[in-house]
**Student:** 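Just dropping this structure here.
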Amino acid sequence: MNPLNKLIVLTLPAVPKLIVGHFAKRYIAGDSFDDAARAVRNLNASSMMATVDLLGEDVTTLDEAIAARKAYEKILSAFEVQQLDSNLSVKLTQLGLKLNKQFCTDNLVEILEVARQQRNFVRIDMEDSSCTDDTLEIYRSVRRLFDNVGVVIQAYLRRSEVDVCELIKEKVNVRLCKGIYVEPEEIAFQGQEEVRENFVKLLDLLLRNRCYVGIATHDDTLIGAAYGMLQSMKFDRHEYEFQMLLGVRHDLRSSIVQSGHRMRIYIPFGRHWYAYSMRRLKENPQIAGYILKSIFTRDRAA
């Protein structure tokens, strides 16, 4: 890691919120759904799909969880009314997972019912390791009732190969990513190459078993490996998709689309942008160096 980036990451708690906000403008659509809808329309005009995430997890009251569920239902309705090519990403702790698992499941079922009525799709995000078992359990329970739901597997978790081997029996819809939460070495690979190797192994397992995969990475090495698998296994372009974060590597995402692959962009929005931004900085320390550059150059291009 670049020494300057490492220093910034270590001192993140002391970084003024204003500076983090300067960084966040690139990677978060804004505070309101109107901001997110504008971002979706721009992506759709460039032949890209979207998935929208309302920021805010680990709610502390049932009322907050209900409010989040109602907000997601409104978002789904807006997708239909505005004819936006986007699906939904939800975090279970935002729906009350840590308050009451059955209550959370019921909230999710209501969202899935609305999505099914509108022929839309909901992705259950994966959170830190304390939520993994519950998330997979809830996913399996709702998938018995709904086919418009998918889950996320994080390649840096040591357990993920076992989880994938179970999931492929059901031909699941999976977003495969590296993982963003800071986890101890006992449960998570720490080295970049280890994570890459596990990502490739998991992707190969999923594709060979003809699971639909959202290949979520900005890593050239992993994208190259995915290209090779997709070609050798003769996948149709509608049987998978690539996924990237808003504001990251515009050149690469355009190149993927121009090569004939489908691309979906993850669009977070909402007032809880600070916690999200801090996690992203810790996940990718290189981005930390961009903060200083952007402050001094006022360069707002992604």
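Everything numeric here is computed off the predicted structure, so don't read it as measured data. Quick note: residue numbers are just sequence positions, from 1.
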**Student:** Less than 4.0 Å between a side-chain N and a carboxylate O, is that true for Asp31 and Arg271?
**Tutor:** no

**Student:** Which value, rounded to the nearest 0.5 Å, describes the distance between Asp34 atom CG and Phe269 atom CZ?
**Tutor:**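 Atom-to-atom, Asp34:CG and Phe269:CZ are 9.5 Å apart.
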
**Student:** Could you tell me the separation between the CG atom of Asp85 and the CZ atom of Arg264, rounded to the nearest 0.5 Å?
**Tutor:** 6.5 Å

**Student:** Could you list all the side-chain hydrogen bond (donor to acceptor under 3.5 Å, both in side chains) pairs where at least one residue sits in residues 143-155, not counting sequence neighbours?
**Tutor:** Tyr139-Arg143

**Student:** Can you check salt bridge (charged side-chain N to carboxylate O under 4.0 Å, His left out) on Lys201 and Asp204, steps first, answer last?
**Tutor:** CA-CA 5 Å; Lys201 180 191 293 185; Asp204 183 72; over 6 Å; no

**Student:** Apply ring pair (Phe, Tyr, Trp, His ring centres under 6.0 Å) to Tyr240 and list each qualifying residue two or more places apart in sequence or on a separate chain.
**Tutor:** His261

**Student:** Roughly how far, to the nearest 0.5 Å, is CD1 of Ile111 from CZ of Arg69?
**Tutor:** 7.5 Å

**Student:** Any Lys/Arg nitrogen of Glu166 or Arg140 sitting under 4.0 Å from an Asp/Glu carboxylate oxygen of the other?
**Tutor:**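 A salt bridge is absent here (no side-chain N lies under 4.0 Å from a carboxylate O).
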
**Student:** With side-chain hydrogen bond (donor to acceptor under 3.5 Å, both in side chains) as the criterion, how do Asp128 and Ser130 come out once you've worked through the C-alpha distance, each side chain's angles and the decisive distance to 0.1 Å?
**Tutor:** CA-CA 6 Å; Asp128 66 75; Ser130 69; 2.4 Å; yes

**Student:** Would you call Glu80-Arg119 a salt bridge at under 4.0 Å N-O?
**Tutor:** no

**Student:** Within the supplied structure, the quantity of interest is the number of heavy atoms (other residues, nucleotides, ligands) at a distance under 6.0 Å from Glu193 CD; does it exceed 12?
**Tutor:**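 Counting neighbours around CD of Glu193, more than 12 heavy atoms of other residues, nucleotides or ligands fall under 6.0 Å, so yes.
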
**Student:** Is it true that Val213 and Ile256 fall in one hydrophobic cluster, defined by side-chain heavy atoms closer than 4.5 Å?
**Tutor:** yes

**Student:** Distance from Asp58 atom CG to Leu99 atom CG, nearest 0.5 Å?
**Tutor:** 9.0 Å

**Student:** Under 3.5 Å, which donor-acceptor pairs link side chains of residues 225-235 to any protein atom two or more places apart or in another chain?
**Tutor:**
from, atom 1, to, atom 2, distance (Å)
Ser232, OG, Gly228, O, 3.2
Ser232, OG, Met229, O, 3.1

**Student:** Rounded at 0.5 Å granularity, tell me how far CZ in Arg253 sits from CE in Met48.
**Tutor:**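 The CE atom of Met48 is 4.5 Å from CZ of Arg253, to the nearest 0.5 Å.
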
**Student:** What I want to find out is whether Arg123 reaches Asp53 closely enough, with some N-O distance under 4.0 Å, to be called a salt bridge.
**Tutor:**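 Looking at Asp53 together with Arg123, the answer is no, because their closest N to O distance does not fall below 4.0 Å.
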
**Student:** Do Arg249 and Asp220 sit within salt-bridge range, that is, some charged N less than 4.0 Å from a carboxylate O?
**Tutor:**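 So Arg249 pairs with Asp220 through a salt bridge.
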
